[in-house]
Amino acid sequence: MMANPAKTLAAPTAADRAATDMAAIIKDAALFALVTFGLCVPIVAFRTDLSQTSALDLVPRWGLVAILCGIVFVARLGQRLVLANRDARRALTPSPTQATEAVDATPNASQKISAYALPAFLGVTLAFPLLAVLGTGGLGESRYWIDLGILILTYVMLGWGLNIVVGLAGLLDLGYVAFYAVGAYSYALLSTVFDLSFWVCLPLAGLFAGLWGMVLGFPVLRLRGDYLAIVTLAFGEIIRLVLINWTDFSGGAAGISSIPRATFFGIPFTADEDGFAAKVGLDFSPMHRVIFLYYLILALALITNGVTLRLRRLPIGRAWEALREDEIACRSLGINTTNTKLTAFALGAMFGGFAGSFFAVRQGFVSPESFNFLESAIILAIVVLGGMGSQIGVAIAAVAMVGGPELLRNLGFLKAVFGDHFDPSEYRLLLFGLAMVIMMIWRPRGLISERAPSIVLKERKRISGSLVKEGHG
């Protein structure tokens, strides 16, 4: 009798499969290192130095290239090993997120901690100027840190405003900086031409930006996804080009300067007897205005957050969430998707206009160069990295994305690794971009991917974003 050919072939053992997987992982990590080498050759491999004869000399830095390739190889290898171990555990243990099994939606430890994150964030922001003064040893010395706090809170407010459009309504907007520009130029023109105060111009700037949000919303009612992103991107560029070329209205590329500063409800921050310092019995300091601006943007950001949280519990907020999950099902339930989209664009644009008005009063100068596409990309990245629909996630992402590059300016300890000629400020955006890529690989749904539903039965439970997408929410 002839032997069965199938029996003559030995089945691969677990050791063979592990060896094959390890070889594939090493090959993948080596490929990443090879791509890194190709990118480093034209960028990092050579440095230009000015010689004594005023000529440029190319100084090779192959050691630095080797270190970067090694870092990428080790990082990719570690990532693949972690993912392989996770997949092996999931294969042996039934997942509670399968549609055929009961889902345990009880809040876990991270979800419980996130409930206290917003009060903790509020406490730190309220005490931040005091901490900056105590940490630096003086009011004047704390100027840099308080200015940084103002910048971070501005992006927190912008992120919360865009979160209405992207996170709640699910409408991808790449031209959000246009409403930021409308608010800034509204205050600049109203204050310089009509001599209106900041407190009068602030609501007007928000109304003008909301009106332009509705103007953008009408043409894109039938668009979604990539097409919507292209149209909103074009809208942002149109606004910027109009501001550059309409010189009689906006001042063109030169912008608008000498914008009046904000007052404390009519009391200016000046050194005379009618100033704020004399009224409250303090010694005059220019930092009084800076601290006032800090708490002003903090109040505006908290108003944005409070209104957003309140709207989520109203019928319009539930309509936004329904539109985000399934527009066809949303229409079948009798929800007017036209009004739903327009309200999302208008309210998100209104908060962007408020932030733009604050930007103009803080800078005292506006120009079209301050409202390019990079600003829209940063605000959108804040919303996506923080977790679409998560308020505290957006706040944490704004702190990381705006404050992180500033902290990377002073990475002096890296000189001990890469040499005395290494300048951390030249690589801060490279390091920051690498951190963003790692973040999206580690947490593709954002830093905080859980969200609480607007309507609950019996008791409120937090539901993971992955479960919502699978139909469990």
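Just so it is clear, the structure is predicted and the values come from calculations on it, not from any experiment.
- Taking the salt bridge (charged side-chain N to carboxylate O under 4.0 Å, His left out) definition, one finds that Arg289 meets it with nothing, sequence neighbours left out.
- To the nearest 0.5 Å, the span separating CG on Leu172 from OG1 on Thr232 amounts to 6.0 Å.
- Counting only residues at least two apart or on different chains, the salt bridge (charged side-chain N to carboxylate O under 4.0 Å, His left out) pairs with a member in residues 129-143 are Arg143-Asp147.
- Within the model, atoms CD of Gln391 and OG1 of Thr308 stand 5.0 Å from one another, a figure rounded to the nearest 0.5 Å.
- Annotation: salt bridge (charged side-chain N to carboxylate O under 4.0 Å, His left out) contacts involving residues 340-351, sequence neighbours excluded, comprise Glu327-Lys341.
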Anything under 3.5 Å between a donor and an acceptor, one on a side chain of residues 193-201, the other on a protein residue two or more places apart or in another chain? List them.
unit_1: Trp199; atom_1: NE1; unit_2: Thr263; atom_2: O; d: 3.1

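- With rounding to the nearest 0.5 Å, the separation of OG in Ser186 from CG in Leu207 is 9.5 Å.
- Listed by chain and number, the residues in a side-chain contact (heavy atoms from CB on, under 4.5 Å) with Thr125 are Phe121, Leu122, Leu153, Tyr294, Leu298 (sequence neighbours excluded).
- With Phe359 as reference, Phe371 is the one residue of Tyr185, Phe371, Tyr187 to meet the ring pair (Phe, Tyr, Trp, His ring centres under 6.0 Å) rule.
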Between side-chain atoms of residues 376-385 and protein atoms elsewhere (two or more places apart, or another chain), which donor-acceptor pairs fall under 3.5 Å?
unit_1: Ser376; atom_1: OG; unit_2: Leu174; atom_2: O; d: 3.4
unit_1: Ser376; atom_1: OG; unit_2: Val177; atom_2: N; d: 3.0

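- Pairs engaging residues 358-381 under the salt bridge (charged side-chain N to carboxylate O under 4.0 Å, His left out) rule: none recorded [sequence neighbours left out].
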Output side-chain donor-acceptor pairs under 3.5 Å for residues 264-273, partner residues at least two apart or in another chain, one line each.
unit_1: Thr270; atom_1: OG1; unit_2: Asp272; atom_2: OD1; d: 2.7
unit_1: Asp272; atom_1: OD1; unit_2: Asp274; atom_2: N; d: 3.3
unit_1: Asp272; atom_1: OD1; unit_2: Gly275; atom_2: N; d: 3.0

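- Under the 4.0 Å criterion applied to side-chain N and carboxylate O atoms, Arg318 and Glu321 are not assigned as salt-bridge partners.
- With sequence neighbours excluded, no residue satisfies side-chain contact (heavy atoms from CB on, under 4.5 Å) with Val82.
- Residues satisfying the side-chain hydrogen bond (donor to acceptor under 3.5 Å, both in side chains) test with Thr338, not counting sequence neighbours, are none.
- Residues forming a side-chain contact (heavy atoms from CB on, under 4.5 Å) with Leu151 (at least two apart in sequence, or on another chain): Tyr155, Val402.
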Next item on the list: Evaluate side chain to side chain contact (heavy atoms under 4.5 Å, CB included) for Phe358 paired with Ile150, printing each intermediate quantity in order.
Entry: CA-CA 10 Å; Phe358 174 81; Ile150 293 174; 3.7 Å; yes
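- For the salt bridge (charged side-chain N to carboxylate O under 4.0 Å, His left out) condition, no pair includes a residue of residues 242-266, sequence neighbours left out.
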